[in-house]
J.: 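So that we are looking at the same thing, I have put the structure below in structure tokens.
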Amino acid sequence: MNQPLSAETRTEANDPMLLSPDAARALLAEVPWRRFAVIGDSTAAGTGDPAPGYETRSWPDRLARALRSAHPDLEYLNTGVMGATIAQVRDTQLRQVLEFAPDLVHISCGGNDLFLPDADLARVESDLDELCAALAADGARLSMFTLADAFFDRLRSLRPRFVAFADIVRRVAGRHDAILTEFWEHPARLREDWLSADRIHLTMAGQAVVAAELLKSLGRHGDSTPTGTVGNRRRPGHED
């Protein structure tokens, strides 16, 4: 029986959780999206430490590259900002993303709200729901993911909040027919090179796994359209 590869011997070339460029291109060959946006906090921005054996490239940039490999006309925008709360994302990023007129939007925010001492989970859900509603109003397909359960050591006390937040993400994603990718119990979260030195952000090895899982999710859902959005997508410059 083959033993799992250690962080010292694992690279992008032999990581079993990743996909080759050819496999990624094949999975994305039939997806309809040509305007991909990412909005949110440091998770959206792709903040994290380098990892030996892995390209220093964030998961959004990896995903955009894979989409563009399959569809060279793809346009990509990432407005993610480290430290942003949901309200700050709404106030400083939403307009730019809406003006970009994406047909696929990934939303990653809410975690910073939970670090606040007066965190209100009901308010977090309401704010995230409103943000998703605004992004989906013009027919864009939404993408979301749950954060991985890596709340150990000094972050252990925050785990109950993030258990609840994972459920919030699932409920909000369901209400907006978002493509949901689950990381809460993903086996990669137990890898020694999953998290950066701050024990919060992913390393580039972790980012590579996230990109691969999102790519698979998009490939599985590429032929589906959210209810009520067929024919509603407007392109930049289009006047009703």
J.: If we ignore hydrogens and angles and just use 3.5 Å, is the side chain of Glu30 paired with the main-chain N or O of Gly222 as donor and acceptor?
T.: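 No, the answer is negative, given that no donor and acceptor are paired below the 3.5 Å cut-off.
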J.: Taking everything shown except Glu182 itself, do over 12 heavy atoms lie less than 6.0 Å from its CD?
T.: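 Count over threshold, so yes.
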J.: Is it true that Tyr76 and Asp61 share a donor-acceptor pair across their side chains at a distance under 3.5 Å?
T.: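 Present: a donor and an acceptor within the cut-off.
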J.: Please report the C-alpha distance between Arg191 and Arg10 in whole Å, then the side-chain angles of each, then the deciding distance to 0.1 Å, and finally whether the side-chain contact (heavy atoms from CB on, under 4.5 Å) criterion is met.
T.: CA-CA 11 Å; Arg191 287 179 166 183; Arg10 192 184 337 104; 3.5 Å; yes
J.: With side chains defined as the heavy atoms from C-beta onward, is the minimum distance between Arg156 and Phe151 less than 4.5 Å?
T.: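 No, too far: nothing below the 4.5 Å cut-off.
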J.: With heavy-atom distances below 4.5 Å as the criterion, would you say the side chains of Leu147 and Phe183 are in contact?
T.: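 No, every pair of side-chain atoms sits at 4.5 Å or beyond.
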J.: Under 4.5 Å between any side-chain heavy atoms of Glu192 and Ser6, yes or no?
T.: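 Yes, side chains in contact.
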J.: Any sub-3.5 Å donor-acceptor pair from Thr203's side-chain atoms to Gly206's backbone N or O?
T.: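 Judged by distance alone, yes, a pair lies under 3.5 Å.
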J.: Is the Trp59 to Phe145 ring centre distance short of 6.0 Å?
T.: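 Yes, the ring centres sit under 6.0 Å apart.
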J.: Testing the 3.5 Å rule here: is there a donor-acceptor pair between the side chains of Glu213 and Thr181?
T.: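 Result is no, nothing qualifies.
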J.: Verify the distance criterion only: is there a donor paired with an acceptor across the side chains of Asp149 and His186 at less than 3.5 Å?
T.: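 Not at all, the side chains of Asp149 and His186 share no donor-acceptor pair under 3.5 Å.
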J.: If hydrophobic clusters are built from ILVMFWY residues whose side chains come within less than 4.5 Å, do Met82 and Ile39 share one?
T.: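 No: no chain of side-chain contacts under 4.5 Å links Met82 to Ile39.
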J.: May I ask you to decide if Thr85's main-chain N or O and Gln88's side chain share a donor-acceptor pair within less than 3.5 Å?
T.: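 Yes, because the side chain of Gln88 sits within donor-acceptor range (under 3.5 Å) of the backbone of Thr85.
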J.: Hey, is the main chain of Asp177 close enough, under 3.5 Å, to the side chain of Arg141 for a donor-acceptor pair?
T.: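 It does hold such a pair.
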J.: Could you state whether Val209 and Leu190 fall into the same hydrophobic cluster, counting links through intermediate Ile, Leu, Val, Met, Phe, Trp or Tyr residues with side-chain heavy atoms under 4.5 angstrom apart?
T.: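 No; tracing contacts between hydrophobic side chains, which count when under 4.5 Å, never links both residues.
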J.: For Thr47, does its backbone N or O pair with a side-chain atom of Gln207 as donor and acceptor, under 3.5 Å?
T.: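 Looks like yes, one N/O pair under 3.5 Å.
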J.: May I ask you to check if Arg199 and Phe152 form a cation-pi contact, with NZ or CZ under 6.0 angstrom from the six-membered ring centre and within 45° of the axis?
T.: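 Not flagged: Arg199 not positioned over aromatic ring of Phe152.
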J.: State, without any angle test, whether Arg123 and Ser126 hold a side-chain donor-acceptor pair at a distance under 3.5 Å.
T.: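 Arg123 vs Ser126: no donor-acceptor pair found between side chains.
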J.: Run the side-chain contact (heavy atoms from CB on, under 4.5 Å) check on Leu104 and Arg35 step by step: do they pass?
T.: CA-CA 6 Å; Leu104 175 66; Arg35 301 187 68 80; over 6 Å; no
J.: Ring centres of Phe36 and His106 under 6.0 Å apart?
T.: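 Not close enough - the centres of the two rings lie 6.0 Å or further apart.
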J.: Would you say that Leu27 contacts Leu19 through its side chain, given a criterion of any heavy-atom pair below 4.5 Å between the two side chains?
T.: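 A side-chain contact exists here, since the closest heavy-atom pair is under 4.5 Å.
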J.: If the threshold is 4.0 Å, N to carboxylate O, is there a salt bridge linking Arg34 and Asp103?
T.: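 No, this pair does not count.
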J.: Treat each ILVMFWY residue as a node, draw an edge where side-chain heavy atoms are under 4.5 Å apart, and state whether Leu131 and Val81 are in one component.
T.: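 The answer is no; the residues belong to distinct hydrophobic clusters.
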J.: Which heavy atom of Ala29 sits nearest to which heavy atom of His71, and what is that distance?
T.: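 Smallest heavy-atom distance, with atoms named: O-CE1, 3.1 Å.
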J.: Flag the pair Arg65 and Glu55 as a salt bridge only when some basic side-chain nitrogen lies within less than 4.0 angstrom of an acidic carboxylate oxygen.
T.: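 Counted as a salt bridge, because a side-chain N and a carboxylate O are separated by less than 4.0 Å.
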J.: Walk me through whether Leu142 and Ile179 qualify under side-chain contact (heavy atoms from CB on, under 4.5 Å).
T.: CA-CA 6 Å; Leu142 305 187; Ile179 297 170; over 6 Å; no
J.: State, yes or no, whether a side-chain contact exists between Arg170 and Trp184 at a heavy-atom distance under 4.5 Å.
T.: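 Counting from C-beta outward, Arg170 and Trp184 do come under 4.5 Å.
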J.: Would a distance-only check, ignoring hydrogens and angles, find a side-chain to backbone donor-acceptor pair under 3.5 Å from Asp167 to Ala164?
T.: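 Here the side-chain-to-backbone pair does not exist.
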J.: Would you say the side-chain atoms of Asn112 pair up with the backbone N or O of Ala84, donor to acceptor, closer than 3.5 Å?
T.: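 Side chain of Asn112 to backbone of Ala84, a donor-acceptor pair under 3.5 Å: yes, one is there.
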J.: For Asp198 and His201, indicate whether the former's side chain and the latter's backbone hold a donor-acceptor pair under 3.5 Å.
T.: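 Checking the backbone N and O of His201 against the side chain of Asp198, a donor-acceptor pair under 3.5 Å is found.
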J.: May I ask you to decide whether Glu125 forms a salt bridge with Arg171, counting only side-chain N to carboxylate O separations under 4.0 Å?
T.: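 Arg171 and Glu125: salt-bridged.
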J.: Do the non-hydrogen side-chain atoms of Val210 and Arg62 ever get within less than 4.5 Å of each other?
T.: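 Counting from C-beta outward, Val210 and Arg62 never come under 4.5 Å.
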J.: Is any side-chain heavy atom of Leu28 closer than 4.5 Å to one of Leu218?
T.: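 The answer is yes; the side chains approach within 4.5 Å.
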J.: Do the side chains of Pro187 and Met17 get nearer than 4.5 Å, heavy atoms only?
T.: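 Result yes, sub-4.5 Å side-chain heavy-atom pair found.
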J.: Is the backbone of Thr43 close enough, under 3.5 Å, to the side chain of Ser108 for a donor and an acceptor to pair up by distance?
T.: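 Pair absent, no side-chain N/O of Ser108 close to backbone of Thr43.
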J.: Before accepting this row, confirm whether a basic side-chain N of the pair Asp113/Arg161 lies closer than 4.0 Å to the acidic partner's carboxylate O.
T.: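 Here Asp113 does not pair with Arg161 in a salt bridge, since their nearest N and O are not under 4.0 Å apart.
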J.: Under 3.5 Å, is there a donor-acceptor pair between the side chain of Arg68 and the main chain of Leu74?
T.: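 Side chain of Arg68 to backbone of Leu74, a donor-acceptor pair under 3.5 Å: yes, one is there.
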